Amino acid sequence: MTSTLLPGNIVYGGPITTSEAQDYPSLGQYVLDKYKSFGDQTVMIDAFTNTEYSAKFMYDSIVRLAQILQKLGVKQNDVIGLSSENSINFAIAMFAGFAVGATVAPFNVTYSDREVDHAINLSRPKIIFASKITMDCIVRVAKKNKFVKGIIAISGSTSNLPNLHSLLDLMSNDKYKTKPDFTSPQANKADDVALIVCSSGTTGLPKGVQLTQFNLLATFDSQIQPTMIPFSEITLLTVIPWFHAYGCLTMITTATLGTRLVYLPKFEEKLFLSAIEKYRVMMAIMVPPLMVFLAKHPIVDKYDLSSLMVLLCGAAPLSRETEDQIKERIGVPFIRQGYGLSEVTMSVLVQTDEYCKPGSVGVLKVGIYAKVVDPDTGKILGANERGELCFKGDGIMKGYIGDTKSTQTAIKDGWLHTGDIGYYDDSFEFFIVDRIKELIKYKGFQVPPAEIEALLLTHEKIKDAAVIGKPDEEAGELPMAFVVKQANVELTTGDVISFVHDHASPAKRLRGGVIFVEEIPKNPSGKILRRVLREMLKKQKSKL
Ligand SMILES: Nc1ncnc2c1ncn2[C@@H]1O[C@H](COP(=O)(O)OP(=O)(O)OP(=O)(O)O)[C@@H](O)[C@H]1O
Ligand SMILES: O=C(O)[C@H]1CSC(c2nc3ccc(O)cc3s2)=N1
């Protein structure tokens, strides 16, 4: 992948070399044909139950469920909600939704009733698939909601509520055995929404990101690039929740490439490690907290992780120290960081297998254009100048559902404005500084909390840290840190403040102080929930 600079300071990642997926009539057809072509090959392994599933099983189950969905009245462009931890039926339900041309809306399984209600009102699903752990919540919310006409339990049995079906019963009921009709009507790839993913909500209530069939198909094409080991020969582990854009898209893309996908319903230390050992996992989809676990946890030494060749890591900043510690400890030859967001379908920046500079998140993927814009003046900046990162390409979302205003702020002339501050250097490697919304404003200086957090994590007595701006009448905001100490160490507030004082520029000093905590609140993909920290700070102040 070699980037080029186009006139007007636009960086281009180069052309995509195939249009195999884009040339397909629909997303559903593409997925079905792929599974058909993989035959008896094992494509899914549930590492919790140790069950293996073949591509033929996937194909047959998807077709069967698609028939059922059509019988239940699901039509093209109807929305299907999906509220489940990673499971075989999650994948089957999603792909069956695609097969009938429906839109699939996965919901975060940790959502409260209020959040599920918000997600349902955004996406308006006709039917919701719910698992054992989310069923009660979904039933409670759906009862009061006018959009939901039926619920399907994808695991366990159901009570006798009307419009509540069990997937197992439906799949074995002859009443639903009809010939599927995948022929009509024709998909409008560019416009038909395949997925509505909820943004993480780290900065406010989640927005529904609409990704079209074309967004997904084009993203598949960008992944069909020659790699050292073909994806069809790779065993890949994914514990990242599939209800989130990162987990969902990495799962779908690798599934269509014929990868052997080993998955877990949720992260559990021993299961995670034993799954790598047992299935000789070569590649894993990671987030920074999982990387820190591999780098630091004593239990890791008890397992044979020698099969690991590549760790892919995205969603939040990963420190070079963690990367180096993992390489040294388990000898993984390649750690490939990437940068993506729900609004661009998957990743737009990835590290190549060659050496990338410390702190870099890699170079542009094929088919992607980038520019860096001064957020105040709108001027397009050049190499080594910090500004808002903007991207253009076939994966850019259709828009936020029911929110034209936010869509217009996010997409201007086809360019997605990410809200992230960053820059590219002379060799077109990109660096993320922080999110615009999260920059601390200290006496007119912009202080990126992520930079202070990375510095704090290099301290041997600090296990985890998060930095926010503490409101201050005179200075605007003062940087302050929440710190988790390593077990059994002595560390004072003064120690932490002096450490930052000695290693960072004056604006970054922790003038707002330090609070020691047991844990840093994070969302499932490892993003620090700064709004929770701000609430903690407010509560502490009101107690004083
Ligand atoms: N490698 C990375 N390094 C640093 N930050 C990253 C990286 N990858 C992703 N991010 C951050 O994650 C964001 C995208 O995350 P995601 O799509 O999960 O959430 P979101 O839709 O932006 O939700 P919200 O704004 O509610 O958190 C990016 O804008 C960026 O801030
Ligand atoms: O494309 C890759 O190789 C991997 C490396 S990391 C990555 C992604 N990171 C994110 C982060 C947020 C998000 O919404 C999607 C992705 S894909 N994809």
Side-chain angles (χ1 to χ4, degrees), residues 1-23 189-190 209 211-212 214-228 231 245-246 249-250 253 257 312 314 336-357 359-375 377-399 407 410-433 436:
M1 281 186 283
T2 358
S3 301
T4 47
L5 191 63
L6 304 180
N9 277 341
I10 289 167
V11 191
Y12 177 48
I16 303 178
T17 50
T18 172
S19 57
E20 178 196 302
Q22 287 171 67
D23 290 343
K189 285 183 286 184
V209 175
L211 301 175
T212 63
F214 176 74
N215 287 150
L216 266 67
L217 290 165
T219 302
F220 298 159
D221 281 335
S222 72
Q223 294 295 117
I224 313 178
Q225 298 291 324
T227 42
M228 269 187 310
F231 270 90
Y246 178 31
L249 268 307
T250 40
T253 343
L257 291 167
L312 303 177
R336 220 170 71 204
Q337 220 193 130
Y339 161 93
L341 58 166
S342 318
E343 289 85 342
V344 300
T345 304
M346 214 173 87
S347 49
V348 281
L349 297 169
V350 278
Q351 292 182 336
T352 54
D353 292 335
E354 291 124 48
Y355 183 81
C356 279
K357 298 183 190 84
S360 144
V361 284
V363 294
L364 278 176
K365 272 178 46 175
V366 289
I368 308 291
Y369 297 83
K371 63 179 181 182
V372 179
V373 173
D374 182 323
T377 64
K379 184 176 170 253
I380 303 181
L381 305 171
N384 302 306
E385 294 183 305
R386 290 177 175 204
E388 182 174 18
L389 296 178
C390 302
F391 298 98
K392 205 173 191 168
D394 292 337
I396 305 295
M397 65 165 176
K398 183 174 174 180
T407 306
I411 307 174
K412 294 184 192 105
D413 293 328
W415 286 94
L416 179 89
H417 291 246
T418 60
D420 289 318
I421 295 288
Y423 63 95
Y424 58 87
D425 69 5
D426 298 318
S427 37
F428 304 118
E429 274 187 47
F430 281 74
F431 297 79
I432 310 294
V433 177
I436 296 179

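For reference, positions follow the sequence shown, starting with 1. None of the values given here were measured: they were computed from a predicted structure.
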Is [Y] close to [X] at the side-chain level, that is, under 4.5 Å between some pair of heavy atoms?
| X | Y | answer |
| --- | --- | --- |
| Val350 | Lys365 | yes |
| Glu429 | Leu349 | no |
| Thr352 | Val363 | yes |
| Leu211 | Leu216 | yes |
| Ile10 | Leu5 | no |

Legend entry - Glu385: salt bridge (charged side-chain N to carboxylate O under 4.0 Å, His left out) partners, not counting sequence neighbours: none
Hey, could you give me the [atom1]/[atom2] distance between [X] and [Y], rounded to the nearest 0.5 Å?
| X | Y | atom1 | atom2 | answer |
| --- | --- | --- | --- | --- |
| Ile16 | Ile224 | CD1 | CD1 | 9.5 Å |
| Ser347 | Arg336 | OG | CZ | 8.0 Å |
| Thr2 | Phe428 | OG1 | CZ | 10.5 Å |
| Gln223 | Met346 | CD | CE | 3.5 Å |
| Lys357 | Ser427 | NZ | OG | 2.5 Å |
| Glu343 | Thr407 | CD | OG1 | 9.5 Å |

Inset, instruction - Would you please name every residue forming a side chain to side chain contact (heavy atoms under 4.5 Å, CB included) with Ala383, sequence neighbours left out? - result: Tyr424, Asp426
Inset, instruction - State which residues pass side chain to side chain contact (heavy atoms under 4.5 Å, CB included) with Ala21; sequence neighbours excluded, sorted by chain then number. - result: Tyr30, Leu217, Phe220, Asp221
Inset, instruction - Go through the steps to decide whether Ile368 and Tyr12 satisfy the test side chain to side chain contact (heavy atoms under 4.5 Å, CB included), and finish with yes or no. - result: CA-CA 6 Å; Ile368 308 291; Tyr12 177 48; over 6 Å; no
Tell me the closest heavy-atom pair linking [X] and [Y], and the distance in Å.
| X | Y | answer |
| --- | --- | --- |
| Gln337 | Val361 | OE1-CG1, 3.4 Å |
| Ile421 | Arg386 | CG2-CB, 4.4 Å |
| Ile396 | Gly414 | CG1-O, 4.4 Å |
| Pro375 | Ile436 | CB-CD1, 4.2 Å |
| Asn215 | Lys398 | OD1-N, 4.0 Å |
| Thr219 | Gly395 | OG1-CA, 4.3 Å |

Inset, instruction - Begin with the C-alpha distance, continue with both residues' side-chain angles, and end with the deciding distance and a verdict on side chain to side chain contact (heavy atoms under 4.5 Å, CB included) for Tyr339 and Thr418. - result: CA-CA 11 Å; Tyr339 161 93; Thr418 60; 3.5 Å; yes
Inset, instruction - State whether the side chain of Lys189 and the backbone N or O of Thr212 hold a donor-acceptor pair below 3.5 Å, judged by distance alone. - result: no
Legend entry - Side-chain donor or acceptor of Glu388 paired with backbone N/O of Asp420 under 3.5 Å: no
Inset, instruction - Might you work through the side chain to side chain contact (heavy atoms under 4.5 Å, CB included) test for Tyr369 and Val11, ending with a clear yes or no? - result: CA-CA 6 Å; Tyr369 297 83; Val11 191; over 6 Å; no
Inset, instruction - Describe, in one word, how the ring planes of Tyr423 and Phe431 are oriented to each other, choosing from parallel (under 30°), tilted (30 to 60°) and perpendicular (over 60°). - result: parallel
Legend entry - Verdict with reasoning, Thr345 to Leu249, per side chain to side chain contact (heavy atoms under 4.5 Å, CB included): CA-CA 7 Å; Thr345 304; Leu249 268 307; 3.7 Å; yes
